[in-house]
Every structure is written in structure tokens, then in C-alpha cells.
Amino acid sequence: PADTSTSAPISGATYVFARHEGRWTEQAYIKATSAARHQSFGTAVALSGDGNTLAVGTPGDSTGAELAGAVHLFSRTDGVWSAQQIVTASNGEKYDYFGAAVALSADGLTLAASARWEGGSGTAPVAGAPSAAQTNNAMGGAGAVYVFTRTGSGPWSQQAYIKGSRTAIDSDFGTSVRLSGTGDTLAVGAAFDDRADGTSTPVSGGEDYGAVYVFVRQAGVWTEQAYLKAGTPVRQSFFGEHLDLSASGDVLAVGAQYESGAAVKLNGNQADQSVLRSGAVYVFRRVAGQWTASAYVKAPDTAQDMYFGSGVGLSADGALLAIGAQGRRLPDPSQPGEALDFVGAVYLY
């Protein structure tokens with residue numbers, strides 16, 4: 001970076017590192033084509049399987065409207081990165097925050113990007129661009145996800161506008177998004193979902209149980225496959241704020257970092273919610289199109305304010321699960337009896 005000024009605060013940047021013979025070096029410093037104040041370029045990033053396509057979420061982009069958002073696409077050829085395209089939502093509006101979460105398929109031909117504050121009242125995926133009636137802003141903060149596709153190195157176009165069957169005000173559909181390797185399975189977190197279960201009427205404001213929707217694509221058409229909740233939904237646990245999918249799309253891990261379970265390790269008692277903000281991760285599996293709960297995962301040293309589940313990552317085969325716990329404490333070696341707060345840890349299962 002030649003420009004080391006600070007004339008564009010919070011414009012954002014993305015750094016790419018490449019590994020050769022076990023050694024990591026910085027390969028590129030990437031900025032928006034037209035960097036601007038408060039653009040938040042780099043809020044979310046995603047790489048294709050071969051590492052040659054990069055999607056950068058820029059929810060603060062105000063080119064079309066204030067905080068309408070955008071996603072910037074870049075491609076790498078012979079180690080050199082270049083700007084490819086900027087995509088925006090077909091119905092992008094003020095404060096939609098499009099680009100807050102992004103995901104790419106392994107082949108780099110399918111892109112999912114969320115606009116977590118979009119206000120359309122639709123309750124099902126729509127092919128291409130939605131109609132005005134479906135984007136009526138009657139459900140402020142409901143959220144939406146947009147899917148874009150391309151052929152080869154061609155231009156990106158919007159394939160679908162994704163809404164969940166239980167659209168509600170301030171549910172934040174699109175808090176997180178993940179695609180399977182082929183791009184045919186899409187998981188969407190709605191961390192502020194206020195429903196206690198799959199059938200109840202949402203309580204307006206503050207319940208924040210959270211939910212995850214799963215969608216599948218067949219012959220280019222998207223449909224909702226599942227609406228998933230925690231085994232014992234917990235108020236203000238924000239289930240779905242973080243999630244990940246295996247490459248096949250058949251294993252899903254969902255974090256709920258504000259869950260307060262007292263259990264330790266695997267499949268303990270979910271009903272005991274006496275350890276505040278200890279956090280949990282829920283694993284689901286899909287067999288023959290049906291999703292079922294597979295594991296309730298807790299830290300072996302569950303403690304208050306651990307925020308276990310503040311990050312989740314699955315290996316491609318779904319056999320290894322990494323879980324972040326940003327609030328984990330450690331004893332302070334310089335002050336016996338005292339603790340170092342928010343040291344953090346990562347647990348592997």
C-alpha cells in the first residue's frame with residue numbers, strides 16, 4: 001500500500017496471504033475500486049476453493065443509497081489480483097446493509113450475500129429479481145439473502161432473492177450465510193428470530209432465540225428445506241449468529257455464543273441454563289433431505305461469559321469442528337488468584 005494516509009476512515013481493506021513451502025507471505029493489499037469513508041470494505045470475505053476468486057462484503061457502500069451496500073469481486077491470475085465486478089441487490093435501498101455476510105461455492109461460480117436489514121415481507125425464494133410487492137418494506141429488519149451466479153469467467157447476475165418462510169420484523173435473516181461446495185445448499189442464520197419454536201407467533205422485540213434456514217437448489221430453482229432451532233431454545237442466545245457447512249452440505253454447525261447452559265462436553269442437559277453466556281454449538285446432519293440434531297457441544301471447562309460458539313468452522317468432510325470462545329479466561333501468572341479476561345481459546349472436536 002503506497003497510500004498510508006487516514007483520509008478515508010473506516011473505508012476498509014482486505015489483505016491476501018499466500019503460503020509457499022509452509023511460509024506465509026502477503027500477496028496483495030486490496031481496496032475498493034473507489035474507496036470512501038465508512039464503506040466498511042472487508043466486513044465479510046469469502047474465497048473460492050482454488051483461491052482465485054475473492055468476494056468482499058462492503059455493507060457501508062453508499063454509492064446507490066446510504067448504507068445500501070455492495071459486494072466487490074476480485075480474481076487472481078498468475079498471482080496477480082484484479083477487480084472483476086461489483087454486485088448490488090436488485091432492490092437495494094437505504095440501510096439494507098447488503099454484503100454484511102458473503103459466501104462462495106468451491107468452484108467460485110455461486111455467490112450468496114446477505115442484506116440483513118432489508119425489509120421485504122416475502123416468505124419464499126424468488127427467482128431473479130423480486131417484485132415491488134415483495135420488497136414493500138413492511139418488515140423492517142427482516143433481512144434477505146441474494147444469490148448470484150456466473151458461467152466461467154463471465155459476468156455475475158442475480159439468480160434469486162431468498163426469504164424464509166417465517167419472515168418477521170427485526171429477525172436479521174442473513175446474520176450469517178454459508179454455501180456447500182457445489183453451491184446447491186445454502187444455510188442462513190437469523191440470529192434475532194423471536195420465535196420460541198417453529199410454529200409459535202414471534203414475540204416482537206428482545207426474545208432473540210435465533211434460527212437457521214436451509215435452502216436447496218435444483219435446476220437453478222431455490223426452495224426452503226428446513227427451519228432449525230436449538231434443542232432447547234434460549235432467549236437472547238442468538239442461535240445462528242455464526243455457522244458453517246461441510247462441503248457436501250450435509251453437516252451444519254451453529255453457534256449460540258450467548259446460550260447459558262451449565263453442561264460440559266457433549267450432549268449434556270440443555271435445560272440447565274444457569275451459567276450465563278457460557279455459549280454452545282449445535283450440530284445437525286442431513287440424511288435423505290431430512291435434518292436432525294446430531295450433537296449439543298459445550299466446552300469441557302464451561303464458565304460464565306466464555307462465549308463458546310463465537311466462531312465455528314467445519315472441515316470439508318465435516319469430521320473436524322473448530323469452535324471459538326472469545327471470552328475464555330486464563331490465570332494471570334503475574335498476579336496469583338487473578339484472571340486475564342478475554343484471552344480467548346479455540347476448541348477442536
**OP:** Apply side chain to side chain contact (heavy atoms under 4.5 Å, CB included) to the pair Val287 and Thr292, showing each step before the final yes or no.
**Re:** CA-CA 8 Å; Val287 177; Thr292 57; 6.0 Å; no
Please determine whether residues [X] and [Y] belong to a single hydrophobic cluster, defined as Ile, Leu, Val, Met, Phe, Trp and Tyr linked transitively by side-chain heavy-atom distances below 4.5 Å.
| X | Y | value |
| --- | --- | --- |
| Ile162 | Tyr227 | yes |
| Phe98 | Met139 | no |
| Tyr347 | Tyr307 | no |
| Phe173 | Val147 | yes |
| Phe308 | Val275 | no |

**OP:** Carefully, step by step, assess Gln236 and Asp208 under the rule side-chain hydrogen bond (donor to acceptor under 3.5 Å, both in side chains).
**Re:** CA-CA 5 Å; Gln236 297 179 340; Asp208 303 331; 4.7 Å; no
Roughly how far, to the nearest 0.5 Å, is the [atom2] atom of [Y] from the [atom1] atom of [X]?
| X | Y | atom1 | atom2 | value |
| --- | --- | --- | --- | --- |
| Leu54 | Arg76 | CG | CZ | 9.5 Å |
| Leu228 | Tyr282 | CG | OH | 12.5 Å |
| Leu73 | Ser82 | CG | OG | 11.0 Å |
| Ile10 | Gln39 | CD1 | CD | 11.5 Å |
| Arg116 | Asp172 | CZ | CG | 4.0 Å |
| Ser34 | His72 | OG | NE2 | 8.5 Å |

Original post:
Okay, side chain of Ser62, backbone of Gly60: is any donor-acceptor separation there less than 3.5 Å?
Top reply: yes
Original post:
Within the side chain of Lys298, is there an N or O that forms a donor-acceptor pair under 3.5 Å with the backbone of Gly268?
Top reply: no
Subject >> All pairs passing salt bridge (Lys or Arg N to Asp or Glu O under 4.0 Å) where residues 211-229 contributes a residue, at least two apart >> reply: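 Listed once each, the pairs are Arg166-Glu224, Asp184-Arg217, Asp193-Lys229.
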**OP:** For atom CZ of Arg235, decide whether the heavy atoms of other residues, nucleotides or ligands shown that lie under 6.0 angstrom number more than 12.
**Re:**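 Yes.
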Subject >> Within the 6.0 Å centroid threshold, strictly below: Tyr97 and Trp117 >> reply: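 Yes, ring centres under 6.0 Å apart.
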Could you give the side-chain donor-acceptor pairs of residues 335-346 under 3.5 Å, partners two or more places apart or in another chain?
| residue | atom | partner | partner atom | Å |
| --- | --- | --- | --- | --- |
| Gln335 | NE2 | Asp332 | OD2 | 3.3 |
| Asp341 | OD1 | Arg329 | NE | 3.0 |

Subject >> Verdict with reasoning, Arg328 to Asp301, per salt bridge (charged side-chain N to carboxylate O under 4.0 Å, His left out) >> reply: CA-CA 9 Å; Arg328 187 175 187 270; Asp301 54 348; 3.0 Å; yes
